[in-house]
Amino acid sequence: MSSVYEQVYAIVWRIPKGKVLTYGLISNMLNSRLSAQGVGWAMQALAKNSNKPGKYNATNVPWHRVINSQGRLSTHKNPDIAPGLQKKLLEAEGIKFDAEDKMNLPSHLWKEGLLEL
DNA sequence: ATGTTGACGCATG
DNA sequence: CCATGCGCCAACA
């Protein structure tokens, strides 16, 4: 574990099923070594690595459990990810969305993880 | 090296 | 609710 990206993946890796974290929170957990936007970039890089061999890729890291601070999804800007995929994956874990693709953040936030780190 | 862009966040209007 | 502006930092041309 050397690069900040790997630290991001290591955190995302630990998010339990049905729980989520936000970009800004992860950024804070890294002690400002990477901005919230940087976390977003790490996720984007993850999607690209899904084909390449490597320790972390879209297959073994639950990237869909990372959302923005408003409880909304933001993957629609990334062409590498099918529209609605993230929402679908999260709903499969029991997370509900309203008509605006928004979820109740506090009730699904991975608080235990925040305490540990 | 430099300017632009963006899976972001927060404050303001 | 939407639009800007500023801070942030990695990727890209």
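In what follows, chains are A, B, ... by sequence order, proteins preceding strands, each numbered from 1.
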### Query
Is there a side-chain polar atom (N or O) of A:S74 under 4.0 Å from OP1 or OP2 of B:dC8?
yes
### Query
When rounded to the nearest 0.5 angstrom, what is the spacing between CG in A:L21 and CG in A:L109?
6.0 Å
### Check: A:R72 main-chain N/O paired with A:D101 side-chain donor or acceptor under 3.5 Å
no
### Query
Taking it one step at a time, do A:V66 and A:V8 satisfy side-chain contact (heavy atoms from CB on, under 4.5 Å)?
CA-CA 11 Å; A:V66 181; A:V8 173; over 6 Å; no
#### Entry: Between C1' of C:dC2 and CD of A:Q70, the distance in whole Å
13 Å
### Query
Hey, what do you get for CD1 (A:I15) to CD1 (A:I26), rounding to the nearest 0.5 Å?
5.5 Å
### Query
Quick one: what's the B/S/- string for nucleotides 8-13 of chain C, heavy-atom cutoff under 4.0 Å, read 5' to 3'?
BSBSS-
### Task
Round to the nearest Å and state the distance from A:N28 atom CG to B:dC10 atom C1'.
12 Å
### Query
With sugar-phosphate meaning primed atoms plus P, OP1 and OP2, does A:S69 contact a base, only sugar-phosphate, or nothing at under 4.0 Å between heavy atoms?
sugar-phosphate
### Task
Using heavy atoms and a sub-4.0 Å distance, could you list which residues of residues 78-115 of chain A are near DNA chain B? By number, please.
A:N78, A:I81
### Message
Nearest whole Å is fine: how far is B:dC8 P from A:K77 NZ?
### Response
6 Å
### Query
What residues, two or more places apart in sequence or in another chain, satisfy ring pair (Phe, Tyr, Trp, His ring centres under 6.0 Å) together with A:Y9?
A:Y56
### Query
Looking at CG of A:L30 and CD1 of A:I11, how far apart are the two atoms once the value is rounded to the nearest 0.5 Å?
4.5 Å
### Message
Quick test of your reading of the model: are A:R65 and A:E93 salt-bridged, counting only N-O distances below 4.0 Å?
### Response
yes
### Message
Rounding to an integer number of Å, can you tell me how far A:H76 NE2 sits from B:dA7 P?
### Response
8 Å
### Task
First locate atom CG of A:D98, then atom NZ of A:K96, and finally report the distance between them rounded to the nearest 0.5 Å.
13.0 Å
